[in-house]
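Notes follow once the structure below has been shown.
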Amino acid sequence: MKQRVSALLREKFGREVVLEKPKDRAFGHFATPIAFSLAKELRKSPMVIAQDLASSFNESEIFSSVESVKGYLNFRLSEEFLSEYGDWALQNQSEFGKQEKKDKILLEFVSANPTGPLHIGHARGAVYGDTLYRLAKHLGYDITAEYYVNDAGNQIDLLGLSIALYGRENILKESVEYPESYYRGEYLEALANGAVEKFGKEILSDESRYKELALWAKDGVMEIVVDSLRELNIHFDTFVNESSLYSDWDRVMGKMGDGIYKKDDKVWIASEAKGDDNDRVVVREDGRPTYLAGDIVYHNQKFERGYDHYINIWGADHHGYIPRVNAAVEYLGYDSNKLETLLSQMVSLLKNGEPYKMSKRAGNVILMSDIVEEIGSDALRFIFASKKSDTALEFDLAEFKKQDSSNPIFYIQYAHARIQTILSKSNFSKEDINATSLKGLGENGDSLLFDALLLPEIIEDAFSSRQVQKLPDYLKALASALHKFYYDCRIIGTDDEAKLLKLLLVVALSLKTGLSLLGIEARDRMVKEED
RNA sequence: GCGUUCGUAGCUCAGCUGGAUAGAGCACUGGUUUGCGGUACCAGAGGUCACAGGUUCGACUCCUGUCGGGCGCACCA
């Protein structure tokens, strides 16, 4: 819609015209402050210019009126335009809001270490990434969701040690002491038992086999991780194991040329020259690669696979890491502008108003799967998708748990369910409804129709700005408009019943499409809660 | 200290590339159709947009500085 309007205005004025949404619908559907910017060059007051411009629009198919108010130019879309678009949307439901973007995008997110189940802090990045993924798919991008599995390095050794120690304590009944850095948690029980079953009890006491133990256990942990993601309707297309990349190390180092040098028996990357604070060690004296080394080979591999654009979603605690990876990408001979790293801010927990620190040692980690079980995937996804991903988010655990009807997701679900109920109460068939015209809905009806038809712009905007919270915001507003309309206007039994039902079908389409992009299924009925 | 990010209603957060009277949910107060699910709707109250300058016809939005919070500042991942 907006594209049509702005294309028309561009043609008329011979320049790009800023289009905005008026604060108040009484001003029209779209507005532009163009008269203000023209005021200087034309040496006339904005009011006069706006007047002249407004009167230059006489008859138009798209607009029913163009008015000037206090220097603004306000456009009102015509009934014909809105009703035609509404008809089109209902006839092409699966195409509604879709586009034909062609770019190939690689989206990497979550990528939590395979050393334990996901906790609540991981959920935010997971929801953010998956929502972007769904939006991109809808817009036609060829996008791949990828999980980078850090199955090399100290943390994997630590996983092996942790399982062995757990087994020695609980299976071999030895008395042991847990060093602070070791992993703790219920999941170790199944892994330790599984290990004994597969390798025999000896492995628990055989230090030389801990590596073997860890590599086996990592797959088990990944299963837990993938399961908990599936509960949130999140799916990955590809998994890349860090351990599989190092065989390529010599070739990749060769590609970096001057970007890599040796000093003090270590290998360094000259990242300072590319905007980092310091040069960084890539290979230690003893030959073990650092974490950065893995990311260098990984990003090289990403670029060699050939995408138009790369998106990484990292926790905000990794933000200092961005210049290093960008430096590496440039030394590898690729355009670092194609690599976009988005940060998902920390989620800090409060319990009864007091900061609540999760710690693996204390064993008080809040698992993502527990929260999903408690409040449901829909509610959790909605909460995280509603917040701008780059602001730190705080919530009270108690508050979080009691999110029931106060959670806006139920408000939106109810709007959708309400429409289904009305439809089922009506005697009109789908055919009758589709055969009627969306014209003559009246002012409130046209306004609701316009709101519902706004979805495609929201999708486009939410994805291109990477601000997924725009979609939940829109759905809340649309649900609110629907509830208000329902309250103000009787539908069943009126002369306009069929066309009003058709209007509701358009609203339901937008709600359903929007919710599915958030990974939430629209409900046809709400289940009443028993007190 | 350096970097980065944020500071908007009692709380949790929106506010699009600068634009019309700064918005929503929760909580609070008061109302609602002899009608489709009241899990709704309406109204009220609640703000010096952290502070101070600057740019502009116009600043919550851009720039500079100050104060305050988060996160980084590893040869850990």
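Chain letters run A, B, ... following the sequence lines, proteins first and then strands; every chain starts at 1.
Residue A/R525 is in base contact, counting any heavy-atom pair closer than 4.0 Å across all strands shown. Base engagement by A/L19 is indicated by at least one non-hydrogen atom pair under 4.0 Å involving a base atom.
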Side-chain donor/acceptor pairs under 3.5 Å, residues 44-51 of chain A, sequence neighbours excluded:
unit_1	atom_1	unit_2	atom_2	d
A/S45	OG	A/M47	N	3.3
A/S45	OG	A/V48	N	3.3
A/Q51	NE2	A/S68	OG	3.4

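Rounded to whole Å, atom C1' of B/rG25 lies 10 Å from atom CZ of A/F382.
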Collect all protein-nucleotide pairs involving nucleotides 70-73 of chain B in which both atoms are nitrogen or oxygen and the distance is under 3.5 Å.
unit_1	atom_1	unit_2	atom_2	d
B/rC71	O2'	A/A316	O	3.4

Can you give me the N/O atom pairs linking the protein to nucleotides 20-24 of chain B at distances under 3.5 Å, or say none if there are none?
unit_1	atom_1	unit_2	atom_2	d
B/rA20	OP2	A/K23	NZ	2.5
B/rA20	N6	A/N74	OD1	2.9
B/rA20	N1	A/N74	OD1	3.3
B/rA20	N1	A/N74	ND2	3.3

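In this structure, the ring-ring contact (aromatic ring centres under 6.0 Å, His included) partners of A/H483, at least two apart in sequence or on a different chain, are A/Y411, A/Y414. Every residue two or more places apart in sequence or in another chain that forms a salt bridge (charged side-chain N to carboxylate O under 4.0 Å, His left out) with A/K274 is listed here: A/E330. With sequence neighbours left out, the ring-ring contact (aromatic ring centres under 6.0 Å, His included) criterion links A/Y128 to no other residue. The salt bridge (charged side-chain N to carboxylate O under 4.0 Å, His left out) search around A/K430 returns none, not counting sequence neighbours. With sequence neighbours excluded, the residues forming a ring-ring contact (aromatic ring centres under 6.0 Å, His included) with A/H29 are A/F450, listed by chain and number. Looking at residues two or more places apart in sequence or on another chain, you find a salt bridge (charged side-chain N to carboxylate O under 4.0 Å, His left out) between A/R288 and A/D286. Shown here are the salt bridge (charged side-chain N to carboxylate O under 4.0 Å, His left out) partners of A/R418, two or more places apart in sequence or in another chain: there are none.
Note on A/Q467: every side-chain N or O is 4.0 Å or more away from OP1 and OP2 of B/rA14. Between A/K484 and B/rC42 there is a side-chain polar atom (N or O) within less than 4.0 angstrom of OP1 or OP2. The side chain of A/Y411 places an N or O atom within less than 4.0 Å of a non-bridging phosphate oxygen (OP1 or OP2) of B/rC41. Contact between the side-chain N/O atoms of A/K388 and the OP1/OP2 oxygens of B/rG15 is found at a separation under 4.0 Å.
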Pairing string, 5' to 3', for RNA chain B - Watson-Crick or wobble contacts under 3.5 Å, brackets [ ] where pairs cross, | to another strand: (((((((..((((.....[...)))).(((((.......))))).....(((((..]....))))))))))))....

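No side-chain donor-acceptor contact under 3.5 Å links A/Q420 to the backbone of A/R523.
Remark: A/Y414, A/R418, A/T421, A/I422, A/K425 in residues 413-428 of chain A come within less than 4.0 Å of RNA chain B through at least one heavy atom.
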